[in-house]
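What follows is a set of notes on a single structure, which appears directly below.
Residue numbering restarts at 1 for every chain, and letters A, B, ... go by the order of the sequence lines. Just so we're clear, the structure is a prediction, and the values are computed from it rather than from any experiment.
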There are 2 protein chains.
Amino acid sequence: MKEGASAPSFFVRIMIEFTAMLTSKEFTRAFPAFQKIPVPLMQEMLSSSRTQAIPSGARIYAEGDGCTAIAFVLSGEIRVYKVGETGREITLYEIGPGETCILNASCILAHTTYPAHAVAASNVDVLLVPSTVFRRLVTENEVLRDFVFALLSQRLSLVMELVEEVAFGRVDERLMGYLIEKSENNSLDTTHQKIANDLGTSREVVSRLLKDFERKGQVRLSRNSITLLKR
Amino acid sequence: MKEGASAPSFFVRIMIEFTAMLTSKEFTRAFPAFQKIPVPLMQEMLSSSRTQAIPSGARIYAEGDGCTAIAFVLSGEIRVYKVGETGREITLYEIGPGETCILNASCILAHTTYPAHAVAASNVDVLLVPSTVFRRLVTENEVLRDFVFALLSQRLSLVMELVEEVAFGRVDERLMGYLIEKSENNSLDTTHQKIANDLGTSREVVSRLLKDFERKGQVRLSRNSITLLKR
DNA sequence: GTTTGTCTGTGACTTAGTCACAGAGGAAAT
DNA sequence: ATTTCCTCTGTGACTAAGTCACAGACAAAC
């Protein structure tokens, strides 16, 4: 999944490795489209792969890293983001169960390096397929090719939408949309800094806008928590 | 290339259609990687395709359009861009000779609609390959698959870079970089509005920044023309 | 209970974008 | 050649967004 001459970072070192092979049934529960893959190919893929548990916060990729495997997410979320020169961040998209880290596929098939940063947004379980196996399976199997194409296309469209949002969108509208999307039971536990990192803006702007929302009666604020009020 | 229930736009109607079949040699001059494609497949592709000349300024795609063909650019430039609610534009990337309109490939292979706008930035010559033929050739031929994958990956990386530029970059630095990149013999003929459309900013901001550059002795301005001075 | 680090809010500033408007330049019409 | 009209450019006045510095509240760690 990640190669480099440097010693593994602290986070990489604490990854827990499962040695038991994932069953076809367990895998296709998260990836239903793979039911169409011939059993011998599925068996080969699973027997040459390994599962990995990644704790929340663990850095998975840095920009410029090479790829030796592609990760299929079984559970949890991986956040893919860019970092600017001033240290500000913006989330490009998140990878959930049933998706792959499609930039892995780009790296493997187009022989490039990882063009963003990736971090575990929660505890994550992945199936790691070695790049040589993956490359050959993509060549041989149309279902897998279609899956990868579809995900790459979807990501391209999504990132193009993000360009439009960032270039033309008002931050207050993006923020409200974010709160609505990310909340569960009209509430979310997060920090202003994390919201700013997702939206690609500055922490002070998020604090100011949230304060405005509170004054307007749209939200209730407390430390590490935001509650959406009925409107 | 473009389908829709509405009558063809003015620009589409004036497209000139070439009926002579493109030779393999002519095609591989623009697309060298295709020399590896077996001759029967190349012949089939060329015999079922047609070339098209598109005049500068012609609208090629609007967001939401379906695709019936994929365009391979033989000469000229196609500009792919997004438009915000307020009418402002931002160029995502440009497609030159030796490239395809890769969003066509996304549409064809992943059964989606065109996720941006495309316009001829100059007089353009394209080879139009019908989507059914393209889909089958991608399935059968690894060279074509690799080509499409590589271009899709490249575009994804490029658009992710653009997110970073737009989110974190200073407009004056992006503008100077743009002028340097787009000028020939330290000069470019364009308008402030066109620059603003490429960079996703407003015309007044470009005018103000160019005036600042002029005051600093970095450029010389005249109507429809900007000259870079030595620094 | 105290200390320290994280989180939040705000002031003062600059940069970027909007809206309105005016003037210059040049293409088109006469 | 002159006039008209359209495009292009520049600027003022405003708001929104981002930066930098700083202070205070909260809560985790000791």
| Nucleic acid footprint by protein, nucleotides 10-17 of chain C - heavy-atom cut-off 4.0 Å, B for base, S for sugar-phosphate alone | BBB--SSB
| message | Please encode protein proximity along nucleotides 24-30 of chain D as a string of B, S and -, counting only heavy-atom distances under 4.0 Å. | response | -BBS---
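For B:Ser187, the side-chain hydrogen bond (donor to acceptor under 3.5 Å, both in side chains) criterion is met by no residue, not counting sequence neighbours. Under the salt bridge (charged side-chain N to carboxylate O under 4.0 Å, His left out) criterion, B:Glu165 pairs with B:Arg174, not counting sequence neighbours. Not counting sequence neighbours, the partners of B:Glu214 by the salt bridge (charged side-chain N to carboxylate O under 4.0 Å, His left out) test are B:Lys211. Remark: B:Asn224 engages no residue in a side-chain hydrogen bond (donor to acceptor under 3.5 Å, both in side chains) (not counting sequence neighbours). Not counting sequence neighbours, A:Thr86 has no partner by the side-chain hydrogen bond (donor to acceptor under 3.5 Å, both in side chains) test. Listed by chain and number, the residues in a side-chain hydrogen bond (donor to acceptor under 3.5 Å, both in side chains) with A:Glu173 amount to none (sequence neighbours excluded).
In this structure, A:Phe31 and A:Phe147 have perpendicular ring planes: the angle between them is above 60°, well past the 30° mark.
Of the residues in residues 179-199 of chain B, B:Thr191, B:His192 come within less than 4.0 Å of DNA chain D through at least one heavy atom, sorted by number.
Computed from C1' positions of five pairs at each end, the angle between the two local axes of the helix from C:dG1-D:dC30 to C:dT30-D:dA1 equals 30°, rounded to 10 degrees.
The salt bridge (charged side-chain N to carboxylate O under 4.0 Å, His left out) analysis of residues 190-203 of chain B, with sequence neighbours excluded, yields the pairs B:Arg79-B:Asp198. The salt bridge (charged side-chain N to carboxylate O under 4.0 Å, His left out) contacts involving residues 92-121 of chain A comprise A:Glu94-A:Lys182, A:Glu99-A:Arg155, where partners must be two or more places apart or lie in separate chains.
Contact annotation: the side chain of B:Ser49 approaches that of B:Pro130 to within less than 4.5 Å [non-hydrogen atoms, C-beta and beyond]. The shortest side-chain heavy-atom distance between B:Asp65 and B:Cys67 does not fall under the 4.5 Å cut-off.
With rounding to whole Å, B:Phe213 atom CZ is found 16 Å from D:dT9 atom C1'. The nearest whole Å value for the distance from the CG atom in A:Leu175 to the P atom in D:dA16 is 15 Å.
B:Leu210 comes within contact range of no nucleotide atom at all, as no heavy-atom separation falls under 4.0 Å.
Closest approach of A:Thr91 and A:Tyr81 over heavy atoms only: CA-CB, 3.8 Å.
No side-chain donor from either of A:Gln154 and A:Ser157 sits under 3.5 Å from a side-chain acceptor of the other.
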